[in-house]
Amino acid sequence: MDSSIVLFGPPGAGKGTQAGRIVQATGKPQVSTGDMLRAAVEEGTELGRIAKGYMESGGLVPDEVIIGLIKERIKQPDASGGLLFDGFPRTIPQAEALEEIAPVSMVIAIHVEDESIVERICGRFTCASCGEVYHDVFRPCKIDSICDSCGGIEFKRRADDSEQTVRARLSAYHEQTSPLESWYESKGLLQRIDGNHSIDQVGNSISNLINE
Ligand code: ADP
Ligand code: ADP
Ligand code: ZN
């Protein structure tokens with residue numbers, strides 16, 4: 001398997017927003033554990049039943065569940081050229097498990113202050129057909145209520161994108177996920193990006209990194 005890239009950062013940092021450009025530049029498919037878990041919850045599978053309560057409260061789903069999911073994903077034929085992980089790994093045990101099964105060449109950490117994160121998450125919505133990520137103020141549709149990318153007219157807001165749950169997700173991030181940053185730094189894989197700029201500016205910084 002070719003090497004993979006990890007998009008790292010707190011909830012709402014802009015990982016999903018930036019993922020498309022990296023997928024285009026590298027050809028590595030995006031793997032979002034959050035999207036996989038939400039699909040499982042909607043389908044009502046065993047995985048979804050396990051994950052639902054953790055997701056609703058803003059806590060992390062147990063490591064063994066997530067690691068199992070990634071092990072299955074890596075078996076798919078499209079993983080041979082490496083993957084773009086978005087929202088995974090989120091704990092040191094997850095990163096250690098990943099190290100055993102797939103090589104990582106770069107970890108792109110997007111930095112954003114907690115207060116901007118709350119603002120970003122509380123205004124987030126996505127296209128129900130194609131998944132394009134929007135924001136009420138920062139990234140509205142060009143034509144009101146019509147998706148720029150696919151013309152879709154149905155949009156979704158996540159149940160866990162409320163201010164109260166965002167605070168819980170941020171504390172999970174600070175307690176369980178942020179220690180991974182120095183873990184990856186010590187392995188020489190970490191690249192920090194200032195996420196407090198416009199979507200295009202952040203995208204350009206990421207493109208520069210990838211094309212280096
Ligand atoms: P993540 O995948 O890291 O949780 P998203 O990509 O879903 O984050 O972005 C969270 C919200 O913030 C979305 O509504 C998105 O439109 C908005 N957003 C993303 N990047 C920026 C940015 N650089 N400036 C302002 N808003 C942004
Ligand atoms: P965001 O980037 O906006 O926080 P995600 O879509 O990545 O949201 O994750 C949503 C929820 O799914 C998390 O709050 C958590 O409950 C669960 N989750 C997603 N990925 C992981 C992971 N790698 N480890 C543990 N829980 C996860
Ligand atoms: Zn769309």
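This structure is a prediction, so every number in the text was calculated from the model and none was measured. Each ligand, and each atom within it, is numbered from 1 in the order the structure gives.
Closest protein heavy atom to atom 8 (O) of ligand 1: Gly14 N, 3.1 Å. Nearest to atom 1 (P) of ligand 2 among the protein's heavy atoms is Arg169 NH2, 3.5 Å. Atom 17 (C) of ligand 2 has its closest protein heavy atom at Leu37 CD1, 3.6 Å. Considering only non-hydrogen protein atoms, atom 14 (O) of ligand 1 sits nearest to Tyr134 O, 2.7 Å. The protein non-hydrogen atom at the shortest distance from atom 12 (O) of ligand 1 is Arg120 CB, 3.4 Å. The nearest heavy-atom contact from the protein to atom 19 (C) of ligand 1 is Thr17 OG1, 3.5 Å. The nearest protein atom to atom 23 (N) of ligand 1, hydrogens excluded, is given as His197 O, 2.8 Å; this is a heavy-atom distance. The protein heavy-atom contact nearest to atom 21 (C) of ligand 1 is Ile199 CG1, 3.4 Å. Among protein heavy atoms, atom 24 (N) of ligand 2 sits closest to Gln94 NE2, 2.9 Å. Considering only non-hydrogen protein atoms, atom 20 (N) of ligand 2 sits nearest to Thr33 OG1, 2.8 Å. Nearest protein heavy-atom neighbour of atom 11 (C) of ligand 2: Met55 CE, 3.9 Å. Taking atom 13 (C) of ligand 2 as the reference point, the nearest protein heavy-atom neighbour is Arg90 NH2, 3.9 Å. Protein heavy atom at the shortest distance from atom 2 (O) of ligand 1 is Gly16 N, 2.8 Å.
Between Val61 and ligand 2, at least one N/O pair is under 3.5 Å apart. Inclusion of Gly12 in the set of residues having an N or O under 3.5 Å from an N or O of ligand 1 is warranted. At a 3.5 angstrom cut-off on N or O pairs, Arg158 counts as close to ligand 2.
Leu7 and Val31 are not part of a single hydrophobic cluster, where members link through side-chain heavy atoms under 4.5 Å apart. The hydrophobic cluster containing Leu209 does not contain Phe8, counting ILVMFWY residues as joined when their side-chain heavy atoms lie under 4.5 angstrom apart, directly or transitively. Grouping the Ile, Leu, Val, Met, Phe, Trp and Tyr side chains by contacts below 4.5 angstrom, directly or via other members, places Val6 apart from Ile206.
Near Arg38, with a cut-off below 4.0 Å to any heavy atom, the atoms of ligand 2 are 6 (O), 10 (C). Within ligand 1, counting atoms from 1 as listed, the ones closer than 4.0 Å to a heavy atom of Ser198 are 23 (N). Atoms of ligand 2 found under 4.0 Å from any heavy atom of Arg124 (numbered from 1 in listed order, with element): 3 (O). Applying the 4.0 Å criterion to heavy atoms of Lys15 picks out, from ligand 2, the atoms 2 (O). The Gly87 neighbourhood of ligand 2 comprises atoms 20 (N), 21 (C), 22 (C), 23 (N), with distances under 4.0 Å to a heavy atom of that residue. Against a heavy-atom cut-off of under 4.0 Å, Phe138 is close to the following atoms of ligand 1: 25 (C), 26 (N).
The minimum heavy-atom distance linking Ile74 with Ala79 is given by the pair O-CB, 3.5 Å. The shortest non-hydrogen separation linking Leu180 to Ala95 is CD2-CB, 3.4 Å. Listed here is the closest heavy atom pair of Leu37 and Ala51: CD2-CB, 3.9 Å. Residues Thr177 and Leu60 approach most closely at OG1-CD1, 4.2 Å, considering heavy atoms. Nearest approach of Asn196 to Arg120, heavy atoms of both residues: CA-NH2, 4.2 Å. What you find for Pro89 and Leu98 is that their closest heavy atoms are CD-CD2, 4.0 Å.
Applying the 6.0 Å contact sphere to CD1 of Ile92 captures more than 12 heavy atoms from other residues, nucleotides or ligands. More than 12 heavy-atom neighbours from other residues, nucleotides or ligands sit within 6.0 angstrom of CZ on Phe138. Around the CD atom of Glu113, the shell of radius 6.0 Å holds no more than 12 heavy atoms that belong to other residues, nucleotides or ligands.
At least one side-chain heavy atom of Met1 sits less than 4.5 Å from a side-chain heavy atom of Leu83.
Judged by distance alone, the side chain of Lys28 and the main-chain N or O of Ser3 form a donor-acceptor pair under 3.5 Å. A distance-only check finds a donor-acceptor pair linking the side chain of Lys15 to the backbone of Pro10 [under 3.5 Å]. Looking at Thr33, its side chain does come within 3.5 Å of a backbone N or O of Gly87 through a donor-acceptor pair.
Using a 4.0 Å cut-off between heavy atoms, Gln201 makes no contact with ligand 1 at all. Here Lys52 has no heavy atoms under 4.0 Å from ligand 2, in either its backbone or its side chain. Residue-level proximity to ligand 1 for Ala19 is absent, since no heavy atom of it falls below 4.0 angstrom.
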Report the C-alpha distance between His197 and Asn204 in whole Å, list the side-chain angles of each, state the deciding distance to 0.1 Å, and finish with yes or no for side chain to side chain donor-acceptor pair (under 3.5 Å). CA-CA 10 Å; His197 297 292; Asn204 289 337; over 6 Å; no
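Residue Gly9 places no heavy atom under 4.0 Å from ligand 1. Using a 4.0 Å heavy-atom cutoff, Val133 is listed among the residues neighbouring ligand 1.
Ranked by closest heavy atom to atom 15 (C) of ligand 2, the top entry among Ala13, Gly34, Gly59, Pro93 is Gly59.
Between the SG atom of Cys130 and the SG atom of Cys127, the angle centred on the Zn ion (ligand 3) amounts to 110° when rounded to 10°.
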